[in-house]
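These notes are about the structure you will find just below.
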Amino acid sequence: MNDFRRIGRGFFERYTPLVARELLGLRLVRRVDGQRVSGMIVETEAYRGSSDPASHAYKGRTARNSVMFGPPGHAYVYFTMGMHFCLNVTTEPTGIPAAVLIRAIEPLEGVDSMKRLRGLDKVERLASGPGNLTRAMGIDKSLDGEDLVNSDRLSVEDGKGVGKVGVSTRVGIGEGQSLKWRFFAEGNPFVSKGRPSKAQNP
DNA sequence: TAATGGATGTTCT
DNA sequence: GAACATCCATTAT
């Protein structure tokens with residue numbers, strides 16, 4: 001069968017930045033019409049509602065972010081900037097609003113499907129960036145709240161791992177920039193470039 | 001090659 | 001009515 005080992009609930013039920021780091025190198029699998037579309041996770045960001053001003057849940061529970069307050073291992077999909085969806089995985093025990101944003105994957109299976117959905121040929125850009133990733137995998141609001149531990153549409157499986165892990169501040173947020181909660185596979189060409197506004201680290 | 005700004009819709013105050 | 005965890009085409013150098 002196609003089975004890599006699926007990741008269980010316990011993995012997600014831990015401290016969010018830790019989960020974010022360990023998600024690197026695992027495999028994100030989407031099944032559409034019986035076809036597998038998957039890729040290795042190479043870039044993530046942690047968001048933790050209670051103490052993180054950049055989190056959707058910082059100001060409390062709303063209809064949109066309620067999934068973040070639920071049990072771990074569920075997909076939190078939201079629409080942003082008028083055109084894009086973003087995929088998160090909820091973490092930590094029920095009642096603690098937290099999630100990991102999946103920012104980029106390295107395409108492995110179903111690459112042709114991704115190319116079609118994206119209208120792009122460059123594999124390196126198919127799923128680099130949260131909006132690109134959801135478009136390439138056909139992820140939309142119908143997957144909001146999906147349980148990745150049991151779902152037949154979306155899951156996380158064991159992967160080959162990554163080499164060195166890089167850490168930085170998160171991309172595209174206003175507040176909470178002091179937290180270095182972005183994790184990525186260093187040197188991997190599928191990591192999104194983020195938005196280098198000025199200088200990198202000297 | 002690097003930087004800028006417009007498109008776009010949902011959510012919350 | 002304002003804000004927003006973005007992307008990419010266009011511009012200037």
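So you know, we letter chains A, B, ... as the sequences are listed, proteins then strands, and number each from 1. Hydrogens, waters and symmetry mates are skipped; everything else that's a heavy atom, side chains included, is used. Keep in mind that what you see is a predicted model, and the values were worked out from it rather than measured.
Under the 4.5 Å side-chain contact rule for hydrophobic residues, A:Tyr78 and A:Leu154 do not share a cluster. Note: the hydrophobic cluster containing A:Met68 does not contain A:Leu23 (ILVMFWY, side chain heavy atoms under 4.5 Å, direct or indirect links).
No side-chain N or O of A:Asn132 forms a donor-acceptor pair with one of A:Arg125 less than 3.5 Å apart.
Cluster partners of A:Leu18 are A:Tyr15, A:Leu179, A:Trp181, counting Ile, Leu, Val, Met, Phe, Trp and Tyr whose side-chain heavy atoms approach within less than 4.5 Å, directly or via other members.
Contacts between residues 50-69 of chain A and DNA chain B, defined by a heavy-atom separation under 4.0 Å, are made by A:Thr62, A:Ala63, A:Arg64. The stretch residues 115-129 of chain A touches DNA chain C through A:Arg118, A:Gly129, each having a heavy atom under 4.0 angstrom from the strand. Contact check of residues 80-99 of chain A against DNA chain C (heavy atom, cut-off under 4.0 Å) returns A:Met81, A:His84, A:Asn88.
The stretch residues 114-150 of chain A participates, sequence neighbours left out, in no ring-ring contact (aromatic ring centres under 6.0 Å, His included) pair at all. For residues 70-93 of chain A, the salt bridge (charged side-chain N to carboxylate O under 4.0 Å, His left out) pairs, not counting sequence neighbours, are A:Arg48-A:Glu92. Contacts classified as salt bridge (charged side-chain N to carboxylate O under 4.0 Å, His left out) and involving residues 54-83 of chain A (residues at least two apart or in different chains) are not found.
In this structure, A:Tyr47 counts as stacked on the base of C:dA5 under the 5.5 Å centre distance and 30° plane angle limits.
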Per-pair distances, 0.1 Å, donor-acceptor, side chain in residues 162-169 of chain A, under 3.5 Å, sequence neighbours excluded:
| unit_1 | atom_1 | unit_2 | atom_2 | d |
| --- | --- | --- | --- | --- |
| A:Ser168 | OG | A:Arg182 | NH1 | 3.0 |

Exercise for the section: Please test A:Arg31 against A:Glu146 for salt bridge (Lys or Arg N to Asp or Glu O under 4.0 Å), starting from the C-alpha separation and ending with a verdict. Expected result: CA-CA 13 Å; A:Arg31 292 179 188 76; A:Glu146 190 83 355; over 6 Å; no

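Helical stems of DNA chain C (runs of at least 3 Watson-Crick or G-U pairs, donor-acceptor distances under 3.5 Å) are listed by first residue: B:1-7 with C:6-12, B:9-12 with C:1-4.
The cationic group of A:Arg14 lies under 6.0 Å from the six-membered ring centre of A:Phe11 and within 45° of the ring axis, placing it in a cation-pi geometry.
Closest contact between the side chain of A:Lys141 and the listed nucleotides B:dT11, C:dA5, C:dC8 involves B:dT11. Looking at the side chain of A:Tyr78, the nearest of the listed nucleotides C:dA5, C:dC8, C:dT6 is C:dA5.
At whole-Å resolution of the value, CZ in A:Arg135 and P in B:dA7 are 17 Å apart. Atoms CZ (A:Phe79) and P (B:dC12) sit 15 Å apart, rounded to a whole Å. C:dT6 atom P lies 6 Å from atom CZ of A:Arg103, rounded to whole Å.
With sequence neighbours excluded, the residues that form a salt bridge (charged side-chain N to carboxylate O under 4.0 Å, His left out) with A:Arg27 are A:Glu109. Every residue meeting the ring pair (Phe, Tyr, Trp, His ring centres under 6.0 Å) condition with A:Phe79, not counting sequence neighbours, appears here in chain and number order: A:Phe85. In terms of the salt bridge (charged side-chain N to carboxylate O under 4.0 Å, His left out) criterion, A:Asp112 has no residue partners (sequence neighbours excluded).
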